Protein chains: 2
Amino acid sequence: MLSSNTEDYLKAIYELLEDSGRVTTSALAERLTVAPASVTEMVQKLARMQPALVDYERHRGVALTEAGRKIALEVIRHHRLIELYLAEALGYGWHEVHAEAERLEHVISEEFEDKIAAVLGQPAHDPHGDPIPTREGEVAEPCRRALSQVTAGETVRVARVRDEDPAFLTHLTELGLVLRAPLRVTRAPEGGPLSVEVAGSTRELERAITDHVFVEAVGV
Amino acid sequence: MLSSNTEDYLKAIYELLEDSGRVTTSALAERLTVAPASVTEMVQKLARMQPALVDYERHRGVALTEAGRKIALEVIRHHRLIELYLAEALGYGWHEVHAEAERLEHVISEEFEDKIAAVLGQPAHDPHGDPIPTREGEVAEPCRRALSQVTAGETVRVARVRDEDPAFLTHLTELGLVLRAPLRVTRAPEGGPLSVEVAGSTRELERAITDHVFVEAVGV
DNA sequence: CTTGACTTTTCGGCTTACCTAAAATATACT
DNA sequence: AGTATATTTTAGGTAAGCCGAAAAGTCAAG
């Protein structure tokens with residue numbers, strides 16, 4: 001059996017790779033709020049395991065092996081299913097689910113996983129729009145089109161939000177930028193703040209927001 | 001914040017006290033499946049904490065302080081609420097709930113606790129008939145009348161089962177001895193096996209069973 | 001009241017995961 | 001290319017919990 005800790009490292013490595021393409025010691029240290037030295041140590045251990053869970057060469061960053069990726073995806077499946085379950089079955093808001101799921105993900109059984117997946121109807125996405133991996137370790141591509149890249153005149157829909165910070169998510173909710181909300185971009189000046197029509201009113205949205213909200217074409 | 005470990009020790013101390021009256025180092029070691037030496041060490045630590053969670057003098061056994069009891073009851077509340085939630089909301093059998101709850105109890109938030117308690121309608125008993133402590137740390141007396149002590153001719157109802165062993169619980173289910181099942185004792189020879197009429201058929205039940213099934217008068 | 005059996009505690013050691021400080025390596029700039 | 005800056009790794013240490021073996025303490029039976 002793997003420790004919660006090992007699972008957290010693998011998940012963090014997967015997620016860093018997913019949304020920044022590279023996994024450095026310091027990035028991992030920051031995400032896990034531990035000292036860089038601790039990361040080096042732990043990563044070396046993961047690389048020495050049988051089977052190895054990461055590929056690692058000093059000063060060269062880290063990557064998941066197939067075995068490591070499999071485990072990461074299983075933990076992520078737990079996390080996202082739990083988030084959705086908390087939202088759907090227990091009335092949690094999308095800003096509250098992350099912290100709770102973060103702890104539950106390490107302790108639920110496969111049976112629990114199966115039962116909530118069944119209750120939820122084998123869902124494909126969590127409350128933030130992230131794809132839920134299958135039991136077999138397959139994941140759909142997450143939506144990658146940032147709102148900041150939409151051109152004026154287009155009508156789209158919120159498909160995913162990157163950033164689990166409760167304050168940020170609460171703020172988005174106040175703006176009407178909730179999952180699946182339709183919106184129309186009215187002005188999109190070069191590099192400047194977008195004007196967006198959402199939930200009946202028009203807002204100016206800064207980069208801090210539009211870079212973290214991903215959208216898909218309406219009707220998909 | 002207390003470690004899961006600390007919580008497990010406090011819970012075990014509470015439960016041993018509850019159903020055998022005395023808490024020895026070796027009993028605790030057996031229940032927690034650790035070496036006696038480890039128990040001694042840990043108990044000393046609990047006694048040194050600020051505030052102290054247990055009263056302890058060498059060779060004299062251990063007892064909970066008010067602070068320790070409070071924590072034990074909170075963990076037990078978590079455990080029993082989770083057990084009931086798994087049974088009611090996710091269709092777990094009463095033989096499956098214990099193992100899952102054992103892990104979940106340490107990681108859920110107060111919010112989670114409140115939400116499932118609300119969904120369940122502030123329940124008073126878990127799937128084994130054990131009373132669920134309140135948020136404030138009060139517990140009802142568990143039912144203490146063993147089936148083995150019922151006299152012939154009496155009609156009673158299963159109110160509680162002591163023993164979380166899945167095989168034992170499955171066996172009880174097969175016998176029709178489920179929670180709240182009404183039953184009638186037809187013969188109760190001195191110290192011998194009871195004859196019991198339950199779910200339409202009559203069975204002979206050995207001591208191993210009748211000592212672990214507790215009953216209450218029908219109509220309560 | 002002494003002895004032998006059992007229980008409990010102490011002792012020295014292990015593992016996991018963390019830390020800080022110092023050393024090694026990499027990168028970036030002139 | 002050579003040096004300053006930044007990142008990463010090594011080294012030495014700490015805290016929780018666990019262990020087995022040996023010492024200490026308890027208690028019942030003779």
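Note that the coordinates shown come from a computational prediction; the quantities given were computed from them, not determined experimentally. Chain naming here is simple, since letters A, B, ... match the order of the sequence lines and numbering starts at 1 in each.
- Within the structure, the salt bridge (Lys or Arg N to Asp or Glu O under 4.0 Å) test picks out the following pairs touching residues 79-96 of chain B (sequence neighbours left out): Arg80(B)-Asp126(B).
- His98(A) pairs by the ring-ring contact (aromatic ring centres under 6.0 Å, His included) definition with His79(A), not counting sequence neighbours.
- Every residue meeting the side chain to side chain contact (heavy atoms under 4.5 Å, CB included) condition with His106(A), not counting sequence neighbours, appears here in chain and number order: Ser4(A), Glu7(A), Asp8(A), Val75(A).
- Looking at which nucleotide of DNA chain C each of Thr24(B) and Arg22(A) is closest to, the 5′-most match is held by Thr24(B).
- Per the geometry, CG belonging to Leu28(A) stands 15 Å off P belonging to dT7(D), to the nearest Å.
- For residues 103-112 of chain B, the pairs satisfying salt bridge (Lys or Arg N to Asp or Glu O under 4.0 Å) are Lys11(B)-Glu105(B), Glu100(B)-Arg103(B), Glu110(B)-Arg135(B), Glu111(B)-Lys115(B), with sequence neighbours left out.
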Check the interface with nucleotides 9-15 of chain D: list each N/O to N/O pair with the protein under 3.5 Å, or write none.
{"from": "dT9(D)", "atom 1": "OP1", "to": "Tyr56(A)", "atom 2": "OH", "distance (Å)": "2.4"}
{"from": "dT9(D)", "atom 1": "OP1", "to": "His59(A)", "atom 2": "N", "distance (Å)": "2.8"}
{"from": "dT9(D)", "atom 1": "OP2", "to": "Thr25(A)", "atom 2": "OG1", "distance (Å)": "2.9"}
{"from": "dT9(D)", "atom 1": "OP2", "to": "Thr40(A)", "atom 2": "OG1", "distance (Å)": "2.8"}
{"from": "dT9(D)", "atom 1": "O5'", "to": "Tyr56(A)", "atom 2": "OH", "distance (Å)": "3.4"}
{"from": "dT10(D)", "atom 1": "OP2", "to": "Gln44(A)", "atom 2": "NE2", "distance (Å)": "2.6"}

Side-chain donor-acceptor pairs of residues 43-53 of chain B under 3.5 Å, sequence neighbours excluded:
none

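- Among residues two or more places apart in sequence or in another chain, the side chain to side chain contact (heavy atoms under 4.5 Å, CB included) test is passed with Glu18(A) by Tyr14(A), Pro142(A), Arg144(A).
- With rounding to whole Å, His106(B) atom NE2 is found 16 Å from dA16(D) atom C1'.
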Using nucleotides 3-5 of chain C, report all nitrogen or oxygen pairs with the protein that are shorter than 3.5 Å.
none

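- Within residues 2-10 of chain B, the residues that place at least one heavy atom under 4.0 Å from DNA chain D are, in residue-number order, Ser3(B), Asn5(B), Tyr9(B).
- For His78(A), there are no ring-ring contact (aromatic ring centres under 6.0 Å, His included) partners at least two apart in sequence or on another chain.
- Arg203(A) is linked by a side-chain hydrogen bond (donor to acceptor under 3.5 Å, both in side chains) to nothing, counting only residues two or more places apart in sequence or in another chain.
- At a threshold of 4.0 Å, the pair Arg160(A)-Glu216(A) does not count as salt-bridged, since none of the basic side-chain nitrogens sits closer than that to a carboxylate oxygen.
- The ring-ring contact (aromatic ring centres under 6.0 Å, His included) test applied to His125(A) returns no partner, not counting sequence neighbours.
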